[in-house]
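First up is the structure itself, then whatever we jot down about it.
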Amino acid sequence: MSRRPAPQPLAALLPPGHALAEDGAPRPLRAFATLPAALPPEDHGVRRLLARVEADEGFRLSPRLETEAFELQRRFVRAGLGVAFLPGFAALEELRAGQFVAVPLADPLLRHATAHLLARAGRRLPDAVERLAGWLEGRLAALS
């Protein structure tokens with residue numbers, strides 16, 4: 001069961017000064033198809049969203065790094081090796097420090113992505129877990 005999803009649009013993270021980030025305009029995912037990409041594994045929710053857009057639009061991204069670790073994806077971009085596609089909250093520190101530029105993605109599926117906190121349907125959570133879930137839900141909403 002999904003508990004109060006929070007909007008978390010995906011963005012293309014690039015180093016400052018990259019040609020695709022110059023005007024800050026939203027770009028379709030296809031615009032990044034020739035760049036080396038850091039992507040999560042195929043069973044990850046973000047990768048599934050990206051794959052749907054790839055299939056619908058008839059192109060493929062160029063994965064060079066496959067990892068679930070957002071930290072490794074951020075290091076990939078920081079090193080100037082290519083692009084990563086993450087929700088803004090996954091790179092807040094780097095964005096605030098000017099180490100990355102977040103280019104909004106124009107594709108509706110990616111622009112309207114949401115983060116979900118999941119719990120098994122019908123399961124009563126222990127009080128401590130319920131409090132933690134409430135805290136996380138509040139933080140997800142605040143990061144929208």
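Worth knowing before you read on, the calculation uses all heavy atoms, side chains too, and leaves out hydrogens, waters and symmetry mates.
- Screening residues 70-81 for side chain to side chain donor-acceptor pair (under 3.5 Å), with sequence neighbours left out, gives Glu71-Arg74, Glu71-Arg75, Arg74-Glu94, Arg78-Glu94.
- Looking at heavy atoms from C-beta onward, Pro26 lies out of side-chain contact with Leu105 at the 4.5 angstrom threshold.
- Residues Val46 and Leu86 form no side-chain contact, since every pair of their non-hydrogen atoms from C-beta on lies 4.5 Å or further apart.
- Of all heavy-atom pairs spanning Leu49 and Ala113, the tightest one is CD1-CB, 3.9 Å.
- Using a 4.5 Å heavy-atom threshold, the side chains of Leu61 and Leu29 count as touching.
- Using a cut-off of 4.0 Å between Lys/Arg side-chain N and Asp/Glu carboxylate O, Arg48 and Glu42 are scored as not salt-bridged.
- Contact between Ala11 and Ala102 at its shortest, heavy atoms only, is CB-CB, 4.0 Å.
- In this structure the side chain of Leu35 reaches within 4.5 angstrom of the side chain of Leu20, judged on heavy atoms.
- With a 4.5 Å cut-off on side-chain heavy atoms, Phe85 and Pro40 do not count as touching.
- You'll find the side chain of Leu14 reaches within 4.5 Å of the side chain of Phe32, heavy atoms only.
- Taking all atoms of both residues into account, the shortest heavy-atom contact from Pro15 to Gly80 is CG-CA, 4.2 Å.
- Between Val101 and Leu13, the closest side-chain pair of non-hydrogen atoms is not below 4.5 Å.
- When every heavy atom of Gly98 is checked against every heavy atom of Pro16, the shortest pair comes out as O-CG, 3.1 Å.
- Between the Ser62 side chain and the Ala33 main chain, a donor and an acceptor come within less than 3.5 Å of each other.
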Arg47 and Glu66: CA distance, side-chain angles, deciding distance, side chain to side chain contact (heavy atoms under 4.5 Å, CB included) verdict: CA-CA 10 Å; Arg47 182 71 175 269; Glu66 187 174 293; 3.3 Å; yes
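- Between Leu65 and Leu39, the closest side-chain pair of non-hydrogen atoms is not below 4.5 Å.
- In this structure, Leu10 CG and Leu50 CG are separated by 6.0 Å, a value rounded to the nearest 0.5 Å.
- Closest non-hydrogen pair, Arg27 versus Val103, comes out as CG-CG1, 3.7 Å.
- Annotation for Phe76 and Pro36: closest pair CE2-O, 3.8 Å, computed over non-hydrogen atoms.
- Residue-environment remark: CZ (Arg111) exceeds the threshold of 12 foreign heavy atoms within 6.0 Å.
- At least one donor-acceptor pair closer than 3.5 Å links the side chain of Asp23 to the backbone N or O of Ala25.
- To the nearest 0.5 Å, the span separating CZ on Arg64 from CG on Leu81 amounts to 10.5 Å.
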